[in-house]
Every structure is written in structure tokens, then in C-alpha cells.
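Inspection log for the structure reproduced underneath, given as C-alpha cells.
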Number of protein chains: 2
Amino acid sequence: MSGEFPVDQILRGECIETMKTLPDGSVDCIFADPPYNLQLRGELRRPDETVVDGVDDDWDKFADYATYDNFTRDWLREARRILHKDGTIWVIGSYHNVFRLGAIMQDLGFWILNDIVWRKSNPMPNFRGRRFTNAHETLIWAARGPQSKYRFNYQAMKALNDDLQMRSDWYLPLCTGNERLKNEHGLKLHPTQKPESLLHRVLVASTNANDVVLDPFCGSGTTPAMAKRLGRHYIAIERHPDYVKAARERVAREERLTSEQLATTPARREMPRIPFGSFVETGVLPAGTVLYDRQKRLKATVTPDGTLVSGNQRGSIHKLGAGLTGAPSCNGWTFWYFERDGQFVQIDILRQESQALRNVG
Amino acid sequence: MSGEFPVDQILRGECIETMKTLPDGSVDCIFADPPYNLQLRGELRRPDETVVDGVDDDWDKFADYATYDNFTRDWLREARRILHKDGTIWVIGSYHNVFRLGAIMQDLGFWILNDIVWRKSNPMPNFRGRRFTNAHETLIWAARGPQSKYRFNYQAMKALNDDLQMRSDWYLPLCTGNERLKNEHGLKLHPTQKPESLLHRVLVASTNANDVVLDPFCGSGTTPAMAKRLGRHYIAIERHPDYVKAARERVAREERLTSEQLATTPARREMPRIPFGSFVETGVLPAGTVLYDRQKRLKATVTPDGTLVSGNQRGSIHKLGAGLTGAPSCNGWTFWYFERDGQFVQIDILRQESQALRNVG
DNA sequence: CAGGGCCTTGAATCTGTCG
DNA sequence: CCGACAGATTCAAGGCCCT
């Protein structure tokens, strides 16, 4: 990145205007918590709104939605320009605005990957008993486009959920207690401060250490604070000087975890590749060894170049597994078994053992 | 209602065309399960190489967003005309289409009351590990307009939820087993049959006995079947003759409950399950914390994804405990200890104390 | 007949790298 | 940009069979 690039800073300024100063494709991930209603709220409470039927084209309402849509389209377009081609964006909203956000994101070319439901453990009850308790907010997670090679730390998310796939519904508490920033009167500093746990999951799921994360609506600074703690870089934009000051102080108090503490479960597809042939060469699984499928219904012989032979078929561990079963593809490492010390074991164990040895050194 | 009014019938015909024959303000509630516009790209296989039977029906294919939006606007406009001024509408969708649905509903003058998350207890996993498990669908519940005196059976919902306010996130299973209609080959009749429990809650929440419920996308007939069972009237519209036939037969088999039987059924009890990772995210036991075994002979560090690291070994609290001691298995909750307020305490105490996380379901 | 094991299935935008 | 190929990847239920 150029020396001009304002990394690890909280910038005071208008969201769109400030984004315009950042170069194309310069951030890896965006987290945005845009204003929910703007003018819509005032309109909702208007006392003279007693028209019952027919006036569906209430120009006032239309104007309000249009204003919100225009603002949304403008900042999202700018965000998309700044986002790396393989980057992802998170946008959070409630039913007041999230449908407009999502539709505009799709129109601009973002490719939605998931909608995530943040289920609040402690939502405010519905006092008047006229609706269901509004107990969740929605996050839209999207790649820059359908072709983006986006990052998703699948194994880390699985680990975080007791070794089950992380689902699209997340159960997390609101930001309360000591985590909630207070002003000089002891009142909450910001009306919608997001919990650190939410940003923790977002950042661990979709970024790597040293990635650059942009938050165009920084507010109380949960995004830069968690980015710093988790060893990510950040750029945050905030209009209100009080929030800028509070966020900067908050981030200054934060400490970066050491790289050892930051290490999460690695993605298997990013582990160093070990050719099957290396086990043949080193004599761990010498040429002539017979491999079987799990049910011992298929059998193949290891050859000196690391291919397998079965009848008149020959190929890599993957190709032969696919060929013999008629499947379009096959992971040979988990398909084939051999006998060792009287035990019937998957050949993948060799890879696992050799990776464990590497970690020692 | 006029004698012409086709109450308690399943009409065969195009959705919009058929709605045009119904009078203004003639139905009390609408439940709509429109095409989702999934845009599936190719064949998907499970890890065991079996093929997933996806939705490849013609009715779910649209050329582009604009085409889908036009269709959506047309049927929603007609639906709004038919809906009583104090009526409500339910529309279900997934992230593929729900943002467009919601934005168009707002544009047409509908007043959103809640967005409801149907959390699936048994969703299909994400087989390639590239996204979060898509474990929910969204229902938008809206009144005809901001001034509608809509119906919401607050007490019935509260009773259904163990005397707590019903929240906006509902935990219900998919429609499987004997409830799922089969064709003559024993395969699922309809690709997207909705569970009866979902319609049960929708109708009990937002309609009274003898109300008229419209379903413009009847499909396999869950709406009319549940309307009849719950003593509501229905009008259903379906294009495909096979679905019309099956739905009519299904409804004929259905019996109206007596008013005594209409008493609500108890809510499904949700099993608490607290992943260790949730304590890491929420900062109760932040990444970097050091854990020890009871004798303080072993030691491990908490990482951001909720796994533990000790030397070159990594794993869940259970796996690492087993790995370090050479035991075949280990209960990590009782094996690991940490220091808190100068005390040396078992991590299991966090689970016991965690009232806030009790309701995880 | 109770319980365990095996098989099936569900609205799904489902790969990455190297040559 | 395209083709080849290595190889990563699943959870909860329900039904049915067997012991």
C-alpha cells in the first residue's frame, strides 16, 4: 500500500466523501452499520397521517424511501470500488432498512453469500404487545461479485461451534455492562454500539491476520478495536467528532494479540501439499503395497511412480478411486486404506503424521 | 361475501390472472410462498457423492432481477388490492429474493410489522464448506398500510411460548417424513412443501376462526389444509394441475378441529447447547487466556476460534485434553482450569453460570 | 417391542491451482 | 482464458430393518 494509505486510522469526515479518497480495490473486507431510518422515523410518527385508502403514492413516503435509497446506493457503490476484487462486505440492518440494503447491493453487483441472523439473547420486549418481540438483526454477507475468490475460514468457524458447521443464525448478547461506552454523564455514548463478540465472529470468519478492514460508519469503534485486537489493519470513518474521539481512545486501550495467540485452525486446503509419491519413494508405502477401499471390495497396487494399478486401470489415487467407483471425483487420501500393524488404516494418516512432524521443526 | 366468492376452494390458474377475479378488500390474511429465483448453477453432490435433488423447476427461473421484480410487483399489487384494509400478509423467502420482496412491499405501501426468522432445526449442511450453513428462511409480516388495525393474537402467541413473549425467531423443523407428500414414484411431490407447524403459528398469530385466508402460490396445499384444520376459510391458487389435484385431496382428508381442540399446542422445547467458542467471542475467556489441568502440569492457550494450542498440538478443549494425556477421550469442560480473581477454577463453571446463553436452541 | 444401526434426504446461488 | 487435475467436503430426523 502507498504511504498515503491511511491504515490503522480513524478518519473524521463524511462517509462517502472520505471513501472517495481511498484507492480502488484497497481493502480486503468491509463492515458497515449504516443509519437505519434517516427520515423514515419522523414520517412514521406524523400525527396527520390519517389517510386510509387509495393514497398509496404518498409522495412524502416515496420521497423518504427514495432519499434513503439514493444515499444507500451512493455509499455502497463507493464501498464496492474500494473493495478488493476478492473481498467481502458485511452490512447490518433491521427490517426497516435491510430489504432496501440487500436489493441495492444485488443491483450494484455484489453477490450475496449468506444472510446472517443475529439473535439477541436479551432483546427489548415489545411493550405494547402488538407485534412479535423484535429479537434479531440481519447481516448481509456478500462478495464483491459472483466470481470473487472470497475468504471464508470454514475450519475456524467450525471449531468455534464445537466442531459443527457454523449456521446462519448466531446467538449473541447485546452490548451492555462495562463493554458499553459511557459519556461524561454516565449515559450510553452511542445508541447502537455493536457487541465485540459480533465483530469477533465476523472478522475471524472472513479475514486473515494483517488484512485491511474498512468501517465507513465507525460510531463507537467496535470494528477498529476488534480489528486491532485480532491483528487486522483497519480504516474507519466517522462524522461525529465525539465518536471519533471516543473511538480513538478505545482503540488506543486495545492490545494486539501475539501471532501465536492469533493462530486459528488452518484451512486444510491451505496446508502444504504432500505428493502421494513421496511415501512411495521413502519406502513408507513401497511399490507393491496393496490398497483397499473401506469395504475391502476394491483393491489396487502401488507402483514405483506413485500411481495405482487395478486390473487394466491405472491412475493417481484420486483418479483411480473415481474410475473404479464411477464417481466424477474422489479424494484418494480418504478413499484408500492399507494394513499396518494388523490395523486397517486410511492412507491419509500418513499425511497427517508427516504434517505433525513439520510443525515440530 | 357474495355468492360468487370462491371460498374454501383451490382454484387452478395463473396467480395474477386469478387474483384479478377476486373483489377488493375481500380477504383477511394472505400467505404467499412465491418462487425464490435461486439461480442454481450446476449439480451439487454430498461428500458421499450422492446428488442433491435441488429446485430445478421452470417456475423458479427468471431471466434477471428486473424480470423477477416486475413479476413480484404485479402479484403483490394485486394481493394488496384484494386484502382487507385491516388485513396482514405473510411472504416467505430466502436471501436470494427476500430483499427484493421486502423493498417492493414497502414501495407498494405495505407496512412491515416484523421480519420473522424460521430457524430450521434440520437444515441441509453446506457440503463444500464455502459458506455458513443456510439454516433459516425469512418471513415478512406486513399490514396493508400504516393505519391498518391489524390482528395479532398476542396472548395466544405468549401461551405458545411458555408465557414469554413470542420472539421474531422461530425454531421449527423442515417438512419431512410422513408429512411430506409423495408422488406415485415415492418421491417428494413438491420441492418446497412448507411444514404444517409454520402455517399453524402464522394462522394462530394473525387470524381468527372464520377469517378468509388467501394463498396465491398454493403448491402442495399446506395453507388450505391448515386453514381448514384451524377453522379458517381459504382461497388458494395454483397453476400446476398435479399440485391442484394433490392439494385438493390433501384438504379433503383434513378435518376441522373442534373449538376445544383448537387450544394451542405447547412449544417445542429447545435444548441448550453452549459451544466453548461462545465464551471466547463474548470475552468471558478471551483469546490468549491460559488454561491448566487440575495439577497445573499441563497448559494450553485459548485461540480466537475456540480451539486450544499447546506446543505443536491444537484442538478442541476435549481433543487437546485427550491428546496431551494420551487418553482416548476427555471432557474438556471438567479437565481445564483457569485463574479468576486469584482462584483456580474449572471452565465448566462458565457453563453453569451462563444464564444469558441458556436459551440457545 | 425397545433400541441400535443403516440409509435416505432437505428452497443450495457450494473449489482452487497450475500450466 | 481454458483445461487438467488434486483433493476438500455433511447434520438432523425419520423410516425401516434387525437383533
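Convention: sequence-line order gives letters A, B, ...; per-chain numbering from 1.
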Report task. Find which nucleotide of DNA chain C each of A:E270 and A:N114 is nearest to by heavy atoms, and output the residue with the more 5' nucleotide. Result -> A:N114
Query raised in the report: Does B:R128 get its side chain close enough to the base of C:dG16, under 3.5 Å, for a donor-acceptor pair?
Result: no
Query - Nearest listed nucleotide, side chain of A:H318, among C:dA11, C:dC14, D:dG7 - result: D:dG7
**Report entry** Span that lies between the P atom of D:dG7 and that of C:dG19, in whole angstrom
**Finding:** 14 Å
Query raised in the report: Which residue, B:G129 or B:D33, contacts DNA chain C at a nucleotide closer to its 5' end, judged by nearest heavy atom?
Result: B:D33
Query raised in the report: Strictly under 6.0 Å, is that where the ring centroids of A:F344 and A:Y337 end up?
Result: yes
**Report entry** Nearest to side-chain heavy atoms of B:N122, which nucleotide of C:dT13, C:dC14, D:dA12
**Finding:** D:dA12
Report task. Choose from C:dA11, D:dG7, C:dA12 the nucleotide whose nearest atom is closest to any side-chain atom of B:D60. Result -> C:dA11
Report task. Ignoring the backbone of B:N134, work out which of C:dT13, C:dC14, C:dA11 is nearest its side chain. Result -> C:dT13
**Report entry** P atoms of C:dC14 and C:dC18, separation to the nearest Å
**Finding:** 23 Å
Report summary line: Of the listed D:dC11, D:dG15, C:dA11, the closest approach to the B:L174 side chain comes from C:dA11
Report task. Output yes when B:E238 and B:R250 qualify as a salt bridge under the 4.0 Å nitrogen-oxygen rule, no when they do not. Result -> no
Query raised in the report: Using centres under 5.5 Å plus planes under 30 degrees as the test, is A:W111 stacked with C:dT13?
Result: yes
Query raised in the report: Counting only side-chain N and O atoms of B:R46, is one of them less than 4.0 Å from OP1 or OP2 of D:dA8?
Result: no
Report task. Identify whether any heavy atom of B:K194 sits under 4.0 Å from a base atom; if not, whether one sits that close to sugar-phosphate; answer base, sugar-phosphate or nothing. Result -> base
Requested in this report: Quote, to the nearest angstrom, the C1' distance that separates D:dC18 from C:dC1.
Outcome: 13 Å
Report task. Quote, to the nearest angstrom, the C1' distance that separates D:dT10 from C:dC7. Result -> 15 Å
Query raised in the report: Just checking B:R180: base, sugar-phosphate only, or nothing, at a heavy-atom cut-off of under 4.0 Å?
Result: sugar-phosphate
Requested in this report: Using a heavy-atom cut-off of under 4.0 Å over every strand shown, decide if B:C175 touches base, sugar-phosphate, or nothing.
Outcome: nothing
Report task. Would you check if the side chain of B:D57 reaches a backbone N or O of B:D60 as a donor-acceptor pair within less than 3.5 Å? Result -> no
Query raised in the report: Under 4.0 Å between a side-chain N or O of A:R273 and OP1 or OP2 of D:dA8?
Result: no
Report task. Mark yes or no for a side-chain to base donor-acceptor pair under 3.5 Å between B:R131 and C:dT13, with no hydrogen or angle criteria applied. Result -> yes
Query - Euclidean distance, atom CZ of residue A:R167 to atom C1' of D:dC11 [Å, nearest integer] - result: 10 Å
Query raised in the report: When all nucleic acid strands are considered with a 4.0 Å heavy-atom cut-off, which category describes B:W59: base, sugar-phosphate, or nothing?
Result: base
Requested in this report: Using a heavy-atom cut-off of under 4.0 Å over every strand shown, decide if B:L40 touches base, sugar-phosphate, or nothing.
Outcome: base
Query - Salt bridge flag under 4.0 Å for residues A:R340 and A:E353 - result: yes
Report task. Have a look at A:P146 and say if it touches a base, only the backbone sugar-phosphate, or nothing, with a 4.0 Å heavy-atom cut-off. Result -> nothing
**Report entry** Pair B:D53 + B:K188: basic N to acidic O under 4.0 Å
**Finding:** yes
Query raised in the report: What interatomic distance, in whole Å, is found between C1' of C:dA11 and the corresponding atom of D:dA6?
Result: 32 Å
Query - Basic-acidic side-chain contact under 4.0 Å: B:E137, B:K120 - result: yes
